[in-house]
There are 2 protein chains.
Amino acid sequence: MANTQRTARYRELAAALRADVLSGVYGEGGRLPSEEALAASHGVSRGTVRQALALLRAEGVVTSRRGTRRVVLEQPRVQSFAELSSFTRWARSLGEEPGGSVLELRWREADPVEAERLRLPAGERVLWVLRLRTLGGEPVMVERTVYPEPVGALVEAMPPDAVSVTELLEAQGVVLADADHTVDLTLADADDARLLGCAPEAPLLREHRRTSDPTGVPVEWSEDRYRAGTVAFTVHNSLAATALARTLPSSARGVSRQE
Amino acid sequence: MANTQRTARYRELAAALRADVLSGVYGEGGRLPSEEALAASHGVSRGTVRQALALLRAEGVVTSRRGTRRVVLEQPRVQSFAELSSFTRWARSLGEEPGGSVLELRWREADPVEAERLRLPAGERVLWVLRLRTLGGEPVMVERTVYPEPVGALVEAMPPDAVSVTELLEAQGVVLADADHTVDLTLADADDARLLGCAPEAPLLREHRRTSDPTGVPVEWSEDRYRAGTVAFTVHNSLAATALARTLPSSARGVSRQE
DNA sequence: CAGTGGTCTAGACCACCAA
DNA sequence: TGGTGGTCTAGACCACTGG
């Protein structure tokens, strides 16, 4: 009695509930029906309902507390890290027209940082790509990415004006499963300034991203620099869900080595 | 046969597994035992094992794929948004000595943005607080926070040099359950420059944060400005877990069609 | 005190991966 | 083809919230 063929039941349920919530059926600050009631009305077990609700909770759509029905949170949901893995998808979901072109591309040896991030032996060959990304024709981001050998070969073969590298990669069977993002601030160098049309030394929002495939093997290591004012990164977190992480003993955490 | 008294079984299990992974028992890129095996060896049901593993997965500690055992991802996991809700906790977990002091504090009417964020009627009275945050004595962040009436009263009564407002609030029974964070970039104004000891117009990393209690009622709305180079925000996401969000029908989202 | 979400179990079938 | 994770069920007890 398992359904995995198409979309999982709990995902369908989540979608249905999400739609209800966003359309204001329950009102902001309103309460959802009980799990029992949802299970009955949708003809599934309570376990499935809970799986669906866990999704909505992670998205920040509803709260959850023992003893009380779930409460509807705000709805804004502008743009969160969920979409971040692909510039193109992110742009489209905002209703903007994404563009992009490869400005430079070459094979070279990985520097120590790149090798470590891609989990490659030092000096391994990697494909380095410099891209300019635009929204509605306006330059907004400079992207410097390195790909390990196998993936690099696929990227190299793509047309230089390919809008979505991610989608092309997926079409070739490369699955992107996990990503780590780090956001900080940096200053525009001469190239950035020229490409983005800003002053040299102008502050830029920087994102480092490492993406892995389902096996955990790194597929991409990228540094993206956004012009000020063009993006804001959003995250939602439920403290309950992450409380544990804070209670842990430091265990095997050396010094505070960070990047 | 449910255990909720102390820590849930699955959280203990998660902690144990996390410790194992971090101590390198399985090796980076190594494989975890099967769910069945873990269930047997820890004397719990498979369901409980899966709950534990879901935590580790969300933290980016392990992958998961149908058909194969889970794979250990990298271990860095230094500082992520999980800790972000409290500057103090974040600092401590880095091994740094957090400090802070209230520089200004007054009741005033909420401006339109604040009212909207705190979900209050326009012009409602709120407590506005300006704090300087330090790490090891060095100023790193300027925090401007507004609190709605009830919480504000508690904050007002705190000693001006209280290190952790969050902890004091929790001690008073105010539970912080959910938070939305937005990160972007801004420039230092005269006050920022003076307080942080940087040049006016110097670029700063800015975080907007709205925190709610378990009921979904906003408790705090804050704008924090970090000196460049003092922080980096980190997030991990599993695409599998968020794939649905991208596949959704536009349902009831006004303009800008979603995909 | 009744209702509700949190935790846990035992068992089932399926889809997918690797051998 | 066998092992593994993904999904689903049915039922149970508990902790907490609220009237």
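To find a chain, count down the sequence lines: A is the first, B the second, and so on, and within it residues start at 1. Keep in mind it's a predicted model, so treat the numbers as computed, not measured. All values below come from the heavy atoms of this structure, side chains included, with hydrogens, waters and symmetry mates left out.
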Tell me: [atom1] of [X] to [atom2] of [N], nearest whole Å?
X	N	atom1	atom2	answer
A:Gln51	C:dG6	CD	C1'	15 Å
B:Glu12	C:dC8	CD	C1'	13 Å
A:His42	D:dT7	NE2	P	19 Å
B:Leu38	D:dT4	CG	P	11 Å

### Task
Assign each of B:Ser45 and A:Thr215 to its nearest nucleotide of DNA chain C by heavy atoms, then name whichever residue's nucleotide is nearer the 5' end.
B:Ser45

#### Entry: Below 4.0 Å: OP1/OP2 of C:dT7 and any side-chain N or O of B:Thr48
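The answer is no; no side-chain N or O of B:Thr48 sits under 4.0 Å from OP1 or OP2.
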
Just the atom pairs and distances: protein N or O near nucleotides 2-5 of chain C's N or O, under 3.5 Å.
from, atom 1, to, atom 2, distance (Å)
C:dG3, N2, A:Gly67, O, 3.2
C:dT4, OP1, A:Arg69, NE, 3.1
C:dT4, OP1, A:Arg69, NH2, 2.3
C:dT4, O2, A:Gly67, N, 3.4
C:dG5, OP2, A:Glu35, N, 2.9
C:dG5, O3', A:Arg65, O, 3.4
C:dG5, N7, A:Arg46, NH2, 3.4

[X]: what forms a side-chain contact (heavy atoms from CB on, under 4.5 Å) with it, not counting sequence neighbours?
X	result
A:Leu105	A:Val102, A:Leu127, A:Val129, A:Glu156
A:Thr68	A:Arg31, A:Arg65
B:Ser34	B:Glu36, B:Ala37, B:Arg69

### Task
Report the residues that fulfil salt bridge (Lys or Arg N to Asp or Glu O under 4.0 Å) with B:Glu109, sequence neighbours left out, ordered by chain and then residue number.
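If we apply the salt bridge (Lys or Arg N to Asp or Glu O under 4.0 Å) test to B:Glu109, skipping adjacent residues, there are no hits.
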
### Note: B:Glu59-B:Arg18 ion pair, threshold 4.0 Å (strictly below)
yes

### Query
Any salt bridge (charged side-chain N to carboxylate O under 4.0 Å, His left out) pairs touching residues 41-56 of chain B, not counting sequence neighbours?
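Counting only pairs at least two positions apart or across chains, the salt bridge (charged side-chain N to carboxylate O under 4.0 Å, His left out) contacts touching residues 41-56 of chain B are B:Glu35-B:Arg46, B:Glu35-B:Arg50.
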
